[in-house]
Amino acid sequence: MYLPEIEKKWQKKWADTGLYKFDKHSDKPKKYVLEMFSYPSGAKLHVGHWYNFGLADTYARYLRMKGYNVFHPMGFDAFGLPAENYAIKTGIHPKDSTVANITTMEEQLKAMGASFDWDYEVKTCMPDYYKWTQWCFLQLYKKGLAYRSAAPVNWCPNCNTVLANEQVVDGECERCHTVVTKKHLTQWFFKITDYAEELLSDLDTLDWPEKTKLMQKNWIGKSTGSEITFQTVGGGEFSVFTTRADTLHGCSYVVISPEHPMVDQLTTPAQKEAVEAYKEYAAKASEIDRLSTSREKTGVFTGSYAINPINGREVPIWAADYVLASYGTGVVMAVPAHDERDFAFATKYELPIERVVAKKHEDQDDSLPFCEYEGVLVNSGQFDGLTVTEGKEAITKHLSTLGKGDFKTTYRLRDWLISRQRYWGAPIPIIHCPHCGDVPVPERDLPVELPYDVDFTPDGTSPLAKHQGFMNTKCPVCGADATRDPDTMDTFVCSSWYFLRYPDNQNSEMAWDPAIINSLLPVDKYVGGAEHACMHLLYSRFFTKAFRDMGYLNFDEPFRSLVHQGTILGPDGEKMSKSKGNVVSPDAYIEKFGSDAFRMYLGFGFAYIEGGPWNDGGIKSVAKYLDRVERLTDRIYEATEDNKSADAKEVTYILHKTIKAVDEDLATFSFNTAIARMMELTNALYKYTDNAFDIDFAKDCIRTLLKLMAPFAPHFTEELWERIGGDYSIFNQDFPVYEEKLLVKDEITYPLQVNGKVKARFAVPSDFTKEQIEAYVRTEYAADFEGMDIVKLIVVPGRIVNVVVKPAK
RNA sequence: GCGGAUAUGGCGGAAUUGGCAGACGCGCCAGACUUAGGAUCUGGUACUUCGGUGUGCAGGUUCGACCCCUGUUAUCCGCACCA
């Protein structure tokens, strides 16, 4: 069968008959199967797309045949930097290149033969989509979850432009490799930190890869400790966050982040020059310096002193950039005896190092810095003798009674900076009025359309800021001349809610109808790359929770179950890249072997979640297997000599074993083993049909095999199904069901181990009890155990028998 | 540095979760059918001195370990001074 030809025929028929149209009114149970939508930056689908979409489609088709009403949409994450960078390089407008790429990719996705229902497609760069992205922004704004604030952004001094975090590679601009610096700009943020606790605790409810959950957990970074207030000698006060309140007596100085707003007031005139110089030094510190773990700690004395609230001692306040302004309070109490960083700093600047925790056990190494939790407090007045854990609690409680401290939980998670000084994105629907301040665009005025005729050459400002027609508007509140926000939203905003739009994508009245969305979501199976663990997957969870709290959704989590496909590498085992010249393009293979063979090889040649290096031989082997199935089908359907008494016991057993295995393997994305089982069945059927066979029975077997294969090779099986006279379509057939009783063999062959080594094999009726098997072994092998004592005889029913012997005395 | 994962024939990968290691396939070898074979079919294929030995390495638990425990090495991924 020449697959490329056959595939076109069936794709047409599937489209003509609307086979994959989603039935909103079906009374079958629903399954929402979703792949992370495509990013149309390149013009063509690559192997990774096929691996993701092709096998997720296999899963969707399987569920469909299992009797579910499967919702399986596809769309495009169409805004973003690559299109804009491409435009800067070539002069082709991002909209034009994106629309062209989408058209090509749609054709390719259709040529793949996936069961998407294109009626539900979304494209995030279209006004009828980003209108609602802007609406989402406004709801978050109304709810107090969007705010504007000054923040440092990545700045490339060579390109003279702002870079997204993703564009900063190892501290350098990804395009010109200039070292990236920081620049302060006023930016919009989403208050994802409000949901830190729930984003963390709900991870436990998700059927997600443990690694991904752990990454999110670490990213959120919950830390429980204490917040302690210090007075300054000059009369001011500030707080520090610590997880080691027990070591407070050992605090011999305090360190403030050089970017902290209090630095200036803490700096004494004598130290002003030194502190200013240090602030400048810290601001200039490049990303590369910050990335270096071995970077030597630096700092400067502010000239001021603070009072340690536990013992009234005056300690110097230093500014140092090893303290981050954005975590905790931006100030830390330094306990050099019990913290490695403080120890290094104190050693360098000759600050006092005083032990307040001693070892608990004799065999502990208690050299400084002593950072272990197994310890007891010393030099801590009334708290001496307490353990570290007891000390934390007792000291914090004591401070609390003095009004100088309390228990405190902090998170590493930062608010989400969504402003981009870029053109190709959804405009932020805010108007800046000289009288009214930031004014949200009224919902009736949405969308704020992205103009086409924009000069997006990078010059350090937002491209939209140069477009007078876009920028100049009237304040919706007071009517005065006002300007629009010139920034666009991070594309991750667009992708944080697309799964909510799919099922109701035509709705022009609202972003989604809660009745529809609440019945189809959450997504039952989400399939996509692991690289989104702490971005898209976290942002989408945040959106879901925020919109739930606003009453637009009634579920807590967007993606119940998540699978990450592995990465297909080049034949050399390296990640595919143009510069390495190891990119495998699907096109030539599709043309030669067909999309079914290509998809099936992707399923067969790899463990799905692992991926691995591409191998040319593998695809030939799958193509060969498909031919083999075709010949087998023809052999059986063209047979004339019927033999009802042919022994079908073995084939029947294999048939049902295969149904069971393929069913279970498909449910768990174990495509490679599912295909292996089908190959075994095929081999068994070849053997069975070598001589005259029971034709009706063999036809039954073939129909079952084709149905099992259908999710993997949709065109191929549809064609054979038609050839053998099956009703259209094979995808309207039920997935085969195995019979438990046919999985039981009459006899079971047991390996007989002696002292753990297999020495023999014997067969007994499968209903033999443990005792009967033991008795059988003892009598049957009595002669072999002559002169031996049987110490132990272990029978594992259905598995193995192990006899432990030793020479008789 | 911290956290996580992985390690099985020449290769991709299996192993019912503590019970016959190497399923299935690629590759290779031999044979059959062929004018021909890069088609198809059949058989073989971990190593071996044929007694055994084998799941990165060294120990341990167990009647029994790829699987559990301790230590160790290599590779990959994530985080990056988070107080």
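Scope of the values below: all heavy atoms of this structure, side chains included, with no hydrogens, waters or symmetry mates. All values reported here derive from a predicted model rather than from experimental measurement. Protein chains get the first letters and strands the later ones, always in sequence-line order, with residue 1 at the start of each.
Applying the ring-ring contact (aromatic ring centres under 6.0 Å, His included) criterion to A:Phe604, with sequence neighbours excluded, gives no partner residue. Residues satisfying the side chain to side chain contact (heavy atoms under 4.5 Å, CB included) criterion with A:Glu740, sequence neighbours excluded, are A:Tyr738, A:Leu743. The salt bridge (Lys or Arg N to Asp or Glu O under 4.0 Å) test applied to A:Glu774 returns A:Arg778, not counting sequence neighbours. In this view, A:Glu780 and A:Tyr776 satisfy the side chain to side chain contact (heavy atoms under 4.5 Å, CB included) rule, not counting sequence neighbours. Listed by chain and residue number, A:Arg313, A:Pro352 satisfy the side chain to side chain contact (heavy atoms under 4.5 Å, CB included) test with A:Glu354 (two or more places apart in sequence, or in another chain). Listed by chain and residue number, A:Arg761, A:Ala763 satisfy the side chain to side chain contact (heavy atoms under 4.5 Å, CB included) test with A:Thr749 (two or more places apart in sequence, or in another chain).
A:Tyr373 carries A:Arg244 over the face of its six-membered ring, with the cationic atom under 6.0 Å from the centre and within 45° of the normal. For the pair A:Lys297 and A:Phe345, the cation does not sit on the ring face, since its NZ or CZ is not both under 6.0 Å from the ring centre and inside 45° of the axis.
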Legend entry - 5'-to-3' dot-bracket of RNA chain B (Watson-Crick, G-U; under 3.5 angstrom; crossing pairs as [ ]; | other strand): (((((((..(((......[....)))((((((.......))))))((....))..(((((..]....))))))))))))....
Tabulate protein N/O versus nucleotide N/O from nucleotides 36-40 of chain B, keeping only pairs under 3.5 Å, one per line.
| residue | atom | partner | partner atom | Å |
| --- | --- | --- | --- | --- |
| B:rU40 | O3' | A:Arg631 | NH2 | 3.2 |

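Of the P atoms belonging to B:rC67 and B:rG54, the separation is 13 Å, rounded to the nearest Å. Comparing the P positions of B:rG52 and B:rG60 gives a spacing of 23 Å, expressed to the nearest Å. If you take atom C1' in B:rG19 and the same atom in B:rU62, they sit 12 Å apart, rounded to whole Å. Using atom P as the reference point in both B:rU61 and B:rC11, the two lie 33 Å apart (nearest Å). Here the separation of B:rA58 from B:rC63, taken at their C1' atoms, is 24 Å to the nearest Å. For B:rC66 and B:rC57, the C1' atoms lie 15 Å apart once the distance is rounded to whole Å.
The residue among A:Gly617 and A:Pro751 whose nearest nucleotide of RNA chain B is located toward the 5' end is A:Pro751. Summary of the strand contacts: A:Ser223 and A:Asn218 both lie near RNA chain B, and taking for each the nucleotide with the nearest heavy atom, the more 5' one is attributed to A:Asn218.
Across the protein-nucleic acid pair, A:Lys757 atom NZ and B:rG52 atom P stand 9 Å apart, rounded to whole Å.
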Inset, instruction - Could you run through nucleotides 10-16 of chain B and give me one letter per nucleotide, 5' to 3': B if any protein heavy atom sits under 4.0 Å from the base, S if only the sugar-phosphate is that close, - if neither? - result: --BSS-B
Legend entry - Annotated protein contacts, base or backbone, on nucleotides 59-68 of chain B with a non-hydrogen cut-off under 4.0 Å, one of B, S, - each: ----BS----
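By the 30° and 60° cut-offs, the orientation of the rings of A:Tyr589 relative to A:Phe593 is parallel. Using the six-membered ring where Trp is involved, A:Tyr750 and A:Phe762 have ring planes that are parallel, under 30° apart on the 30 and 60° scheme. Note: A:Phe669 and A:Tyr608 have tilted aromatic rings, judged against thresholds of 30 and 60 degrees for the angle between ring planes.
Taking the syn range as angles within 90° of 0, the glycosidic angle of B:rU17 is syn. Within 90° of 0 lies the glycosidic angle of B:rG9, which makes this nucleotide syn.
In this model, no side-chain donor or acceptor of A:Lys620 finds a partner on the base of B:rC26 within 3.5 Å. Residue side chain A:Arg412 does not reach the base of B:rC79 through any donor-acceptor N/O pair under 3.5 Å, judged by distance alone.
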What pairs of donor and acceptor atoms, side-chain ones from residues 796-804 of chain A against any protein atom, are under 3.5 angstrom apart with sequence neighbours left out?
| residue | atom | partner | partner atom | Å |
| --- | --- | --- | --- | --- |
| A:Asn802 | OD1 | A:Gly756 | N | 3.1 |

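The A:Ile800 side chain lies nearest to B:rG19 when the options are B:rG19, B:rG25, B:rG52. Side-chain atoms of A:Lys211 lie closest to B:rG4 of the nucleotides B:rC81, B:rG4, B:rC24.
Ion pairing of A:Lys745 with A:Glu747 is absent here, as no side-chain N (NZ or NE/NH1/NH2) approaches a carboxylate O to less than 4.0 Å.
Sorted by first and then second residue, the pairs that involve residues 209-225 of chain A and meet salt bridge (Lys or Arg N to Asp or Glu O under 4.0 Å), not counting sequence neighbours, are A:Glu197-A:Lys222, A:Glu210-A:Lys213.
At the phosphate of B:rC20, neither OP1 nor OP2 sits under 4.0 Å from any side-chain N or O atom of A:Tyr750.
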